[in-house]
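Given the structure is predicted, the values throughout are model-derived calculations rather than measurements. Order of appearance sets the numbers: ligands from 1, and atoms from 1 within every ligand.
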Amino acid sequence: MLSDINEYFHAASDLLGLSDRVRSILLTPRRVVKTELIIENDNGQLDSYIGFRVQHNNARGPMKGGLRFHPSVDEDHSTALASLMTWKTAVVDLPYGGAKGGIACDPQKMSDRELHRLTSVFVERMKEIIGPTTDIPAPDVNTNSKIMGWIMEEYSKYEGFSPGVVTGKPLQLFGSNGREEATGRGIMYVLIEALEQKGHSLEEVTVAIQGFGNVGSNAARLLHEAGAKIVAVADAGGGVANMDGLDIPKLIEWVTETRTVKDFAGGEGFESDEVLSWKADVLIPAALDGVLHEGNADKVEAKIIIEGANGPTTPEANKILADKNVLIVPDILANAGGVTVSYFEWAQNIQHFRWDDERITTELEKIMRKAYAEVYRISQSKNVDLRTAAFYVAIQRVMDAANSRYYISET
Ligand code: GLU
């Protein structure tokens, strides 16, 4: 994954005329921490896990990014995702750098007690390098507001009351209105922009979604409420489709009970992977990275792809899709709604003041639409796709900040 993201970085760096030396400075993470985490499991035995935190770049502010609990977590993967956070916070112009991390584990096979112990040991190990003004974790794949609450509690044991050390916390524990649905809401705004660009609106389109976790389910709900027709949804367990449009509120109820969209009575079942080539106007990959690759990109039927996940499209697939004239709204722009409302949460924590829903929604919409317009403008003026344009905007902002801090005399 790291080499894929670096390839996108280099395409924009070529356009900016950056030297190899500057590229290497921008790509090298500031700090990488790898630590063994030992906990007692529910049977009284000791289990050992490996945790990571990669702090990529802090030229624009404290580093920001999620924590992922997944077997695929390793140093390379966390570094790739940390660099994406640097570019993502820059595209939407938040005063942050980028970081990412997590624990190589399978939370589906662990009890809540074990997860609580593991999270607490992780914070105990990382407490010197995270903090409200240095590095602020947040939810990502398989982590949620409950785990963020545990992080705040454990960190505050060492450092005193510190709600701003982590975002995505429960509402009753210094969380923010609108954070839970933020990534899905951001996806809706960029889709509206992309459709407007083609002279269409949400009410006219059919949508297929891969993944029904926080991002996929909230995107589905908000798009459904706004009048789009969600015709296919799939998760790891299976898929469900209805060409007249799925009843998303009912599907959400079903998934809350069964933890999968499989066997939902309001549609026909299908094999998970087929969702990527579903006959729909819009495809939203909102699960894991690398799902659109050389082997399946030519089968994509959608004309617009909104990258809800981080890194869902490999460079080979990106090229095939470009040749097919598919408009891709890249991850660092499309899913930036989450970190944007994280920023609002952090700002509220620092001010000890709560914003209402309306303010969150208005500010989020403003930021997402402005970022889309800026990226679109660059894509038109430089004649490049939205991904290269988004990296271009981001790299330039990081460079400008670094330049004013350290004085870099060359590009
Ligand atoms: N994990 C999310 C992302 O990849 C959110 C990060 C944050 O809120 O800091 O953007």
**Asked** When you look at NZ of Lys262, are more than 12 heavy atoms from neighbouring residues, nucleotides or ligands closer to it than 6.0 Å?
**Response** no
**Asked** So do Ile248 and Glu225 actually touch side chain to side chain, heavy atoms under 4.5 Å?
**Response** no
**Prompt:** With Trp150, which of Leu173, Val123, Leu115, Leu118 fulfils side-chain contact (heavy atoms from CB on, under 4.5 Å)?
**Reply:** Leu115
**Asked** Taking everything shown except Lys146 itself, do over 12 heavy atoms lie less than 6.0 Å from its NZ?
**Response** no
**Prompt:** Looking at the rings of Phe174 and Phe161, which for Trp means the six-membered one, are their centres under 6.0 Å apart?
**Reply:** yes
**Prompt:** How far apart are the closest heavy atoms of Phe270 and Val233, and which atoms are they?
**Reply:** CZ-O, 3.8 Å
**Request:** List, ordered by chain and residue number, the protein residues whose closest non-hydrogen atom lies under 4.0 Å from any atom of ligand 1.
**Result:** Lys64, Gly65, Gly66, Met85, Lys88, Lys100, Ala138, Pro139, Asp140, Arg179, Asn310, Gly338, Val339, Ser342
